[in-house]
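The figures here come from the full heavy-atom set of this structure, side chains too, leaving out hydrogens, waters and symmetry mates. Order of listing sets the numbers, starting from 1, for every ligand and every atom in it.
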Amino acid sequence: MTFSDKNDELYILGIESSCDETAAAVVSGNKRVLSNVIYSQISEHKQFNGVVPEIAARSHLEKIDLVVQKALNDAGIEISGLSAVAGTCGPGLIGGVIVGATFAKGTSLAANIPFIAVNHIEAHALTVRLTEDNIEFPYLLLLASGGHCQICIVHSHDNFEVIGQTLDDSVGESFDKVAKMLNLGYPGGPILEKWAENGDEKRFDFPRPLCNKNSMDFSFSGLKTSVRILTEKIFAAQDNNHDQEKADICASFQRTVAEILVYKMNLAFEYCRKTGIAPNVAVIAGGVAANKYIRSRLQSLCEKQKTRFAVPPIALCTDNGAMIAWAGIEKFQKGQFATLDFKPRPRWPLGSAI
Ligand code: KG4
Ligand code: ZN
């Protein structure tokens, strides 16, 4: 049997429920995504302009059965054909995490197959190894999601050297908050990106906190406050069509965020050179990696740094079951299974087993 035949026999069901997407997917050991089903709760949270944890948990409970069943049907596989089941066990909104983790444990018990406890952030960090060829360790990673903003060197599937992180908001959170200030609707990140397309990115100069320092840490709260002050001033004006101003704020804000990320990633390249680490690729992952403007600014940086740039396809940047299944495969291959008393957790730092 060849290595690829052996890997192809591996079929892992991944279950995700840590925020506002109920998702499940079946992925094979040789990187085939056999199914990828996502039920988005956007319509349930829209009226509140953000995710309501209690509503999210109830909705996961209502939909998880159907979503998992559809993932198995689409893949043409029964639970008896699975090698293992992987479930997000944190970090995230604990009510939802409990729903998905418990469902994954129940499936593993019913099918008598191993259960794999997956860290949601690690799954984002590893997705690019599913979607792109030859992503070897170590690689440089910018992880930018709704809950996290970190720069790390990924030494192995479970060894993450965090070299920079946010001191306050995450990037995704700052997109969501600015979108809320401008009454753009929910979910904020992608809507703000759309508005920015019609805006003048040079119109407003916003601060870039911590960008005069040799630190890879981030801070977004000063930027957010500055947008708030400007927004209040514009909204206070008598004139009642503010659409151009809103688009210009979006474009200027997005440019500022991209410049902050580029500045910090530049420092990360320097750090790698100083410490003798030679990352074979630089990666951006997490929901914010779906932003085309940010992707292209980071791609230009990588061209200057003569380093390959890799990012998952847009559909796999935001939360999905395939990334959980893939992280499950990486753990399966190392024999890292969990027992059924593994406790779901709201916080779970990268690379820590417990
Ligand atoms: O990874 P993700 O789906 O969930 C978490 O693990 O947090 O990331 C969601 C975050 C949200 O804050 C959302 O606004 C942001 O990613 N996001 C975007 C875009 N798409 C999603 N931010 C900027 N531009 C986008 N196109
Ligand atoms: Zn996520």
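- Against a heavy-atom cut-off of under 4.0 Å, Gly147 is close to the following atoms of ligand 1: 7 (O).
- The same ILVMFWY cluster, assembled from side-chain heavy atoms under 4.5 Å apart, contains both Val33 and Phe332.
- Residues Val67 and Leu61 do not share a hydrophobic cluster, defined by chaining ILVMFWY side chains whose heavy atoms lie under 4.5 Å apart.
- Closest protein heavy atom to atom 22 (N) of ligand 1: Gly189 CA, 3.5 Å.
- Side-chain contact of Gln69 with Asp65: a donor-acceptor pair under 3.5 Å is absent, judged by distance alone.
- Between Gly188 and ligand 1, no pair of N/O atoms sits closer than 3.5 Å.
- The CD1 atom of Ile42 sits 6.0 Å away from the OH atom of Tyr186 when rounded to the nearest 0.5 Å.
- The only member of Val171, Leu167, Asp168, Ile151 that meets side chain to side chain contact (heavy atoms under 4.5 Å, CB included) when paired with Phe218 is Ile151.
- Around the Zn ion (ligand 2), the protein N, O or S atoms found under 2.8 Å comprise His120 NE2, His124 NE2, Asp319 OD1.
- Remark: of the listed residues Phe206, Phe175, Trp195, Phe175 is the sole one forming a ring pair (Phe, Tyr, Trp, His ring centres under 6.0 Å) with Phe253.
- With hydrophobic clusters built from ILVMFWY side chains whose heavy atoms lie under 4.5 angstrom apart, Phe309 shares a cluster with Ile260.
- With hydrogens left out, the protein atom closest to atom 24 (N) of ligand 1 is Asn291 ND2, 3.1 Å, a heavy atom.
- From the protein, the heavy atom lying nearest to atom 21 (C) of ligand 1 is Gly287 O, 3.4 Å.
- In this structure, the side-chain contact (heavy atoms from CB on, under 4.5 Å) partners of Ser35, at least two apart in sequence or on a different chain, are Val26, Ala71, Asp74, Ala75.
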Would you mind writing out the side-chain donor-acceptor pairs for residues 113-120 within the sub-3.5 Å range, not counting sequence neighbours?
unit_1, atom_1, unit_2, atom_2, d
Asn119, OD1, Ile121, N, 2.8
Asn119, OD1, Glu122, N, 3.2
Asn119, ND2, Trp348, O, 3.0
His120, ND1, Glu16, OE1, 2.9
His120, ND1, Ser18, OG, 3.2
His120, NE2, His124, NE2, 3.1
His120, NE2, Asp319, OD1, 3.1

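- Closest to atom 26 (N) of ligand 1, if we only count protein heavy atoms, is Glu193 OE1, 2.8 Å.
- A distance below 6.0 Å separates the ring centres of Tyr139 and Phe137.
- Closest to atom 2 (P) of ligand 1 among all protein heavy atoms lies Asp319 OD1, 3.3 Å.
- Listed by number with element, the atoms of ligand 1 under 4.0 angstrom from any heavy atom of Gly172 are 12 (O).
- When hydrogens are left out, the protein atom nearest atom 6 (O) of ligand 1 is His120 NE2, 3.0 Å; that is the closest non-hydrogen contact.
- A side-chain donor from one of Asn266 and Gln305 sits under 3.5 Å from a side-chain acceptor of the other.
- Heavy atoms of Cys19 come nearer than 4.0 angstrom to ligand 1 in no pair at all.
- Per-residue contacts place Thr318 under 4.0 angstrom from the following atoms of ligand 1 (heavy atoms of the residue considered): 3 (O), 21 (C).
- Of all the heavy atoms of Lys292, none lies under 4.0 Å from any atom of ligand 1, so neither backbone nor side chain is involved.
- In the hydrophobic clustering of ILVMFWY residues, with side-chain heavy atoms under 4.5 Å counting as a link, Val281 and Met323 come out together.
- Taking Asp158 as the reference, Ser156, Gln336 meet the side-chain contact (heavy atoms from CB on, under 4.5 Å) condition, with sequence neighbours excluded.
- Taking distance alone, with nitrogen or oxygen atoms compared against 3.5 Å, Phe175 stays at or beyond that limit from ligand 1.
- When hydrogens are left out, the protein atom nearest atom 9 (C) of ligand 1 is Gly146 N, 3.7 Å; that is the closest non-hydrogen contact.
- Of the protein's non-hydrogen atoms, the one nearest atom 13 (C) of ligand 1 is Asp176 OD1, 3.7 Å.
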